[in-house]
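Here's the structure, in structure tokens; my notes come after.
Atom set for the values below is all heavy atoms of this structure, side chains included, hydrogens, waters and symmetry mates excluded. Order of the sequence lines fixes the chain letters, A, B, ..., with proteins taken first and strands second; residue numbering starts at 1 for each chain.
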Amino acid sequence: MHSLHIEDFRRDLISWYLREKRDLPWRLDQDPYKVWVSEIMLQQTRVDTVIPYFLNFTEKFPTLEALAAADEEDVLKAWEGLGYYSRVRNLQSAVKEVVSTYGGVVPNTPEEISKLKGVGPYTKGAILSIAYGVPEPAVDGNVMRVMSRILSIWEDIAKPKTRTIFEKILYEVISKEQPSEFNQALMELGAIVCTPTSPSCLICPVREHCQAFEEGVQTELPVKSKKKKPRPVSMAAAVLKDDAGNFYIHKRPSSGLLANLWEFPNCETEIELLSQKEQLVRYLHDEYEADAEMEPLSGTIQHIFSHLVWNISVYAARLKPGSIPKNLLKVTEAEMQKYAFPVSHQKIYQMTEAHK
DNA sequence: CACTCGTGGAT
DNA sequence: TATCCAAGAGT
């Protein structure tokens with residue numbers, strides 16, 4: 001068991017937070033919808049990255065009802081570049097569920113809110129505590145890092161089961177009077193003071209409560225096992241245009257990587273007798289009935305995902321007169337701006353444009 | 001549980 | 001340059 005003086009810890013932590021907290025756009029009010037949007041955006045994503053997306057998204061979709069009624073195309077466009085796109089498709093799905101089942105009011109119980117798509121253990125606790133003042137823990141990476149140091153816990157925080165250990169402890173430690181401030185304070189401390197590599201222990205408001213600091217092991221915690229290296233994939237992509245200047249783009253499948261985003265026609269390539277360019281020509285013909293003249297290689301692009309590395313050879317391609325592609329959308333350059341592309345395909349487009 | 005699912009920035 | 005990371009969830 002731990003020897004933490006819980007009341008003093010809460011007081012020192014929360015008073016520091018109220019003193020030092022950053023002015024962030026999602027802290028202007030406690031609108032459950034905006035709290036929700038911010039929490040989804042902040043999953044695995046830095047505050048500085050999220051801020052402009054949050055401002056734009058809440059301007060485009062200011063209410064839960066507005067998001068529920070929006071076209072998915074426009075929703076994905078507002079998320080373009082933020083990554084983990086299933087987050088926003090789940091968010092819109094869940095918002096529709098709130099409108100149809102809960103009369104547009106975000107539920108305020110752990111059981112009901114956990115049923116919503118995209119709301120896992122962390123987001124459940126974050127929304128309930130911040131928007132409704134319910135004393136539920138919100139255990140993210142910051143919280144596990146801070147608490148592993150405070151209590152000198154040496155469990156591997158990369159293991160799913162470890163989160164439940166911290167949740168159990170935090171049900172006890174969380175402030176029942178100020179759960180919102182307590183949860184946000186833990187995360188704020190992790191973001192600003194109790195950082196992963198070089199924690200600023202000398203200015204830490206809860207240093208006197210920190211077991212790891214007392215033992216001098218704060219830089220050895222938390223324990224976190226390493227991830228695998230991403231798997232390399234060779235690809236070829238065609239920025240396909242016709243003589244009238246139209247582009248031909250493809251909508252990705254509704255599940256899996258970059259679901260429902262748009263892309264330039266492309267295929268995975270193998271090491272074989274056919275060159276990458278020839279494999280791409282064959283693919284365009286077989287998959288889309290598109291006959292194209294390929295220009296010389298424009299260049300190569302590397303795009304790194306969490307678990308994949310795309311190595312893409314990029315070609316500009318001219319559709320032969322009379323060839324009518326199937327399953328590709330014909331758009332002008334101006335119309336293309338309305339569709340959401342992953343960053344990898346933005347790079348592909350820019351590479352061919354640079355050669356003009 | 002192990003894997004999938006993005007991106008840009010820090011060290 | 002390589003690695004790790006940042007307010008995780010779905011399968």
Side-chain angles (χ1 to χ4, degrees), chain A residues 17 21-22 24-27 34-54 76 79-91 93-94 113-127 129-130 137-147 156-164 166-167 180 182-192 194-199 219 222 224-231 233 252-261 263 302-310 340-347:
Chain A
Y17 173 71
K21 67 176 178 178
R22 292 167 291 180
L24 299 173
W26 46 88
R27 287 179 175 164
K34 289 183 182 175
V35 171
W36 189 359
V37 170
S38 72
E39 292 302 339
I40 300 300
M41 285 189 171
L42 285 163
Q43 290 171 4
Q44 301 292 285
T45 310
R46 293 175 184 282
V47 166
D48 290 342
T49 301
V50 166
I51 289 173
Y53 281 92
F54 177 83
L76 282 173
W79 207 269
E80 183 184 52
L82 196 52
Y84 286 143
Y85 299 94
S86 67
R87 288 184 295 177
V88 76
R89 298 195 309 120
N90 287 337
L91 174 61
S93 169
I113 203 167
S114 291
K115 291 178 186 168
L116 300 171
K117 281 185 190 168
V119 179
Y122 163 76
T123 306
K124 168 198 68 176
I127 297 174
S129 62
I130 297 171
V139 179
D140 70 341
N142 285 313
V143 171
M144 286 196 283
R145 181 172 60 256
V146 171
M147 293 308 295
D156 182 357
I157 67 167
K159 303 288 185 186
K161 186 180 178 183
T162 304
R163 195 204 73 250
T164 65
F166 287 98
E167 276 183 345
S180 169
F182 179 89
N183 280 342
Q184 293 189 77
L186 272 185
M187 293 188 277
E188 193 85 343
L189 188 72
I192 295 175
C194 196
T195 51
T197 50
S198 51
T219 58
K224 189 173 186 181
S225 56
K226 296 180 180 170
K227 309 177 188 176
K228 301 197 319 181
K229 288 182 182 174
R231 173 174 63 88
V233 177
R252 294 180 60 88
S254 58
S255 65
L257 184 65
L258 306 170
N260 282 1
L261 272 69
E263 65 182 1
Q302 182 173 77
H303 191 79
I304 302 172
F305 298 91
S306 309
H307 58 301
L308 290 176
V309 179
W310 277 358
F341 289 80
V343 171
S344 49
H345 282 261
Q346 294 172 22
K347 292 181 191 171

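Between B/dT4 and A/His307, no contact under 4.0 Å exists linking OP1 or OP2 to a side-chain N or O. Phosphate contact (OP1/OP2 of B/dG9, side-chain N/O of A/Thr49, threshold under 4.0 Å): absent. Look at A/Tyr84 and you won't find any side-chain N or O under 4.0 angstrom from OP1 or OP2 of C/dG10. For C/dA6, the OP1/OP2 oxygens have a side-chain nitrogen or oxygen of A/Arg145 closer than 4.0 Å. Contact annotation: A/His303 reaches the phosphate of B/dT7 (side-chain N/O to OP1 or OP2, under 4.0 Å).
Comparing B/dG8, C/dA9, B/dG6 against the side chain of A/Pro121 picks out C/dA9 as the nearest. For A/Arg46, counting side-chain heavy atoms from C-beta on, the closest listed nucleotide (B/dC1, B/dG8, C/dA9) is B/dG8. Listed nucleotides: C/dC5, C/dG8, B/dT7. Nearest to the side chain of A/Ser306: B/dT7.
Here A/Leu261 lies out of heavy-atom contact (under 4.0 Å) with every strand. Nucleic acid contact class of A/Gly256 (heavy atoms, under 4.0 Å, all strands): sugar-phosphate only. Using a 4.0 Å heavy-atom distance criterion, A/Arg252 is classed as making no nucleic acid contact. Looking at heavy-atom distances under 4.0 Å, A/Ser198 makes no contact with the nucleic acid at all.
A donor-acceptor contact under 3.5 Å is formed by the side chain of A/Thr45 with the base of B/dG6.
Rounded to an integer number of Å, the gap from A/Leu91 CG to C/dA9 P is 13 Å.
Closest-nucleotide positions on DNA chain B for A/Pro342 and A/Thr162 were compared, and the one nearer the 5' end corresponds to A/Thr162.
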